[in-house]
S.K.: 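Input: one structure, supplied below.
So that the names make sense, note that chain A is the first sequence line, chain B the second, and so on, each numbered from 1. Only heavy atoms go into these numbers, but all of them, side chains included; no hydrogens, no water, no symmetry mates.
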Amino acid sequence: MPVLWIILIVIAIGAVGYVATRARAMASAGNDARHLHSLPSYYGYMAFLFAAAPAFLLLIVWLIAAPLVIEKRVAATLPADVVEQAASQNLLMAEVRRVAVGLDNAVAAGVMDEDLASNARADFTDMTARLKEAGQVITQNVTTPVLRAAQMMREANASSRLWMTIAVIAVAIAGAALAMMRAQRDYRARNVVERGVRWMLVGAASIAILTTVGIVLSLLFNTIEFFRIYPASEFFGSLTWSPSFGGGSELGIWPLLWGTLYISVIALAVAVPIGLFAAIYLSEYASNRVRSVAKPLLEILAGIPTIVYGLFALLTVGPLLLAAFGDGGLGWMQSGTAVMTAGLVMGIMLIPFVSSLSDDIINAVPQAMRDGSYGLGATQSETIRQVVLPAALPGIVGAVLLAASRAIGETMIVVLGAGAAARLSLNPFEAMTTVTAKIVSQLTGDADFASPEALVAFALGMTLFVITLGLNVFALYIVRKYREQYD
Amino acid sequence: MNDMRPLERIVDTDNIKISAKGCQVYYGDTHAIKDVDVQIEDKTVTAFIGPSGCGKSTFLRCLNRMNDTIDICRIEGEILLDGENIYDKKVDPVQLRAKVGMVFQKPNPFPKSIYDNVAYGPRIHGLAKNKADLDVIVEKSLRRGAIWDEVKDRLDAPGTGLSGGQQQRLCIARAVATEPEVLLMDEPCSALDPIATGQVEELIDELRSQYSVVIVTHSMQQAARVSQKTAFFHLGNLVEFGETGQIFTKPEDPRTESYISGKIG
């Protein structure tokens with residue numbers, strides 16, 4: 001039975017449980033809700049919770065665990081010589097899975113009937129012919145043992161699915177029945193629902209955290225794999241980045257890190273003053289009418305996809321800069337793609353981040369601070385410079401560091417605006433590239449996934465992750481340390 | 001009401017420092033202050049009393065044009081400081097506020113050191129020629145704020161770390177440091193405990209020797225204790241203005257009498 005159907009059935013059981021339990025609770029209180037411990041609907045919610053929560057939990061665990069168990073059992077049946085021949089058990093199992101899916105599809109398409117698909121003595125050539133006829137991909141690797149393994153896998157899958165359906169529905173019914181039995185007038189259903197809600201929220205929070213952990217782990221394992229085949233001293237020590245997929249590449253991170261930092265610094269040099277001044281204008285000087293128009297307009301900038309900024313860099317800012325600093329002008333610039341181009345455009349992208357956050361923070365400075373300063377005969381700009389900004393400083397630093405993490409992680413603007421050459425240079429009018437842009441180019445090539453040239457992407461990603469994580473932690477620290485100073 | 005000590009106080013001088021004539025204040029469509037005439041004397045503590053929302057704080061904020069920061073606020077009539085209309089176009093409100101200092105209801109020290117809090121005004125107005133000069137001003141102001149002994153060893157500590165009463169005295173020292181001629185106090189003791197209130201009241205009495213002090217208060221006992229002149233506001237009107245002793249013993253207006261005897265407000 002498809003999973004969707006199972007889910008719908010469980011929900012239906014929960015709904016029936018809701019109605020039945022609510023009615024039973026009401027009956028136990030002589031149909032007067034005032035005699036119940038909780039509102040009648042709480043008994044119903046409890047029934048739904050009892051039916052759905054364990055059932056869905058079981059469903060999820062089964063869906064994750066069953067393929068692993070089945071695959072292990074099937075893999076054990078493959079003869080050792082076949083495995084050796086295929087060089088890798090993983091590759092062979094991938095083949096088995098593909099054939100199993102192919103058989104399923106063939107049955108679904110009507111080319112094969114169920115008996116033939118699961119017939120353990122079916123003729124091998126006939127099967128492959130039929131599979132091909134059904135439009136399923138069959139490679140040379142499909143041999144009799146693989147076919148038999150695939151058949152076994154299908155069988156195991158089918159029975160697993162059947163048992164899963166039975167188990168999940170049984171659990172749901174049992175849960176609903178349990179709730180119904182407990183639905184007496186003194187039973188504290190409200191507290192049970194409260195606990196249920198709490199665990200639901202805990203679950204949501206842990207999914208977010210576990211995903212982060214998963215991302216870090218996947219990065220970490222690949223990074224370790226990379227450092228096993230490429231020396232870490234080279235990666236962190238070499239000043240050259242020249243990957244060549246034929247082998248013998250030099251993969252030093254410094255040119256990329258330099259490009260990242262250079263572009264980020266230029267971007268921040270653009271974004272921080274403009275964003276901060278805009279925030280000061282909006283929060284301190286602008287009238288309500290101006291603010292209600294200008295603030296959303298400024299925030300539109302944050303909604304523009306970065307690829308559009310990239311096009312802006314490539315088509316507008318690059319040529320403009322080239323006209324001024326290129327051969328026709330000062331002669332410092334060779335082409336439109338340069339650190340300066342990407343940095344300027346990225347700075348524009350970051351303005352709303354800085355201004356919007358700073359604006360909120362400046363608004364949060366108590367009016368009493370401003371009154372105190374005005375009461376001493378300070379002007380508006382003196383008040384802002386000497387009282388409001390120092391009070392808002394921790395928050396502003398937080399905003400700037402957040403913008404910095406955005407700048408460091410930015411990719412599209414760099415790809416289109418800064419070029420692809422990894423070089424260590426001080427001239428901001430030269431093309432450079434960043435860590436993120438190189439991660440893309442290393443992983444989108446035709447390289448073997450096990451080669452250092454591809455795996456280096458994970459090491460780069462990990463380095464970047466550590467840097468931005470450090471920045472975020474630092475930002476949090478700054479904000480916490482100075483937050484409550486004006487209270 | 002046992003605590004009230006309506007004394008016959010002799011006012012040192014009858015120099016008029018601030019004089020309001022036909023003052024009207026509107027918040028949007030609300031008529032907050034109705035035709036107030038009042039004369040505030042130099043070197044005198046004048047108390048504004050009245051029930052909440054009667055306009056006493058609003059009127060106080062008119063005296064140093066703090067209401068200018070509120071967009072919808074509109075003022076008519078004239079308020080003269082030393083004979084000069086402070087709402088005249090020639091008058092710079094920033095300069096005015098240096099002359100008419102203000103202390104607020106809630107202590108609001110800046111998130112800076114105690115020293116920098118007091119040095120803030122003198123620095124903006126360039127009152128000190130050098131660092132030594134500034135040190136002298138800071139010390140003098142803190143002494144006048146009756147807080148010097150408590151903070152002289154920790155001038156670098158943040159002003160926000162002081163207790164509520166200390167913070168309020170720091171704010172008074174901060175206001176005094178700019179050498180104002182008039183000191184406006186908007187319920188300066190409402191956030192303080194009785195001991196801190198006592199200290200601030202003592203301080204207000206000392207300040208009288210040099211400044212004209214105007215204090216808004218909810219506590220009639222406080223008005224009786226610290227002021228020489230009292231103005232009673234009700235619903236935006238100035239009901240009665242006179243010697244404190246007279247207001248509290250022989251009020252002329254029945255509304256004043258009802259208020260001070262606790263029947264209204």
S.K.: Heavy-atom cut-off 4.5 Å, strictly under: side chain, backbone, both or neither for B:V100 against chain A?
M.R.: backbone
S.K.: The test is side-chain contact (heavy atoms from CB on, under 4.5 Å); show your working for A:D371 and B:R61 and say whether it passes.
M.R.: CA-CA 11 Å; A:D371 283 348; B:R61 291 166 65 92; 4.2 Å; yes
S.K.: Which pair of non-hydrogen atoms, one from A:G372 and one from B:R174, has the smallest distance, and what is that distance?
M.R.: CA-NH2, 3.9 Å
S.K.: Can you give me the closest heavy-atom contact between A:P390 and B:K112, atom names plus distance?
M.R.: CG-NZ, 4.4 Å
S.K.: Distance from B:N108 atom CG to A:Q367 atom CD, nearest 0.5 Å?
M.R.: 10.5 Å
S.K.: Using heavy-atom distances under 4.5 Å, tell me whether A:S287 contacts chain B through its side chain, its backbone, both, or neither.
M.R.: neither
S.K.: What do you reckon, is OH of B:Y27 surrounded by more than 12 foreign heavy atoms closer than 6.0 Å?
M.R.: yes
S.K.: For the CH2 atom on B:W148, are there more than 12 heavy atoms of other groups (residues, nucleotides or ligands in this structure) within a distance under 6.0 Å?
M.R.: yes
S.K.: Can you see which heavy atom on B:I124 is nearest to which on A:E382, and at what distance?
M.R.: CG2-OE1, 3.0 Å
S.K.: Counting only heavy atoms not in A:E299 (residues, nucleotides, ligands), do more than 12 fall under 6.0 Å from its CD?
M.R.: yes
S.K.: Taking atom CZ as the centre, does A:F474 end up with more than 12 heavy-atom neighbours from other residues, nucleotides or ligands that are less than 6.0 angstrom away?
M.R.: no
S.K.: Around A:R190, counting heavy atoms of other residues, nucleotides and ligands shown, do more than 12 lie under 6.0 Å from its CZ?
M.R.: no
S.K.: Counting only heavy atoms not in B:I195, do more than 12 sit closer than 6.0 Å to its CD1 atom?
M.R.: no
S.K.: Please flag which part of B:Y120 lies under 4.5 Å from any non-hydrogen atom of chain A: side chain, backbone, both or neither.
M.R.: side chain
S.K.: With A:Y374 as reference, evaluate B:R65, B:R97, B:M102 under the side-chain contact (heavy atoms from CB on, under 4.5 Å) test and give the passing residue.
M.R.: B:R97
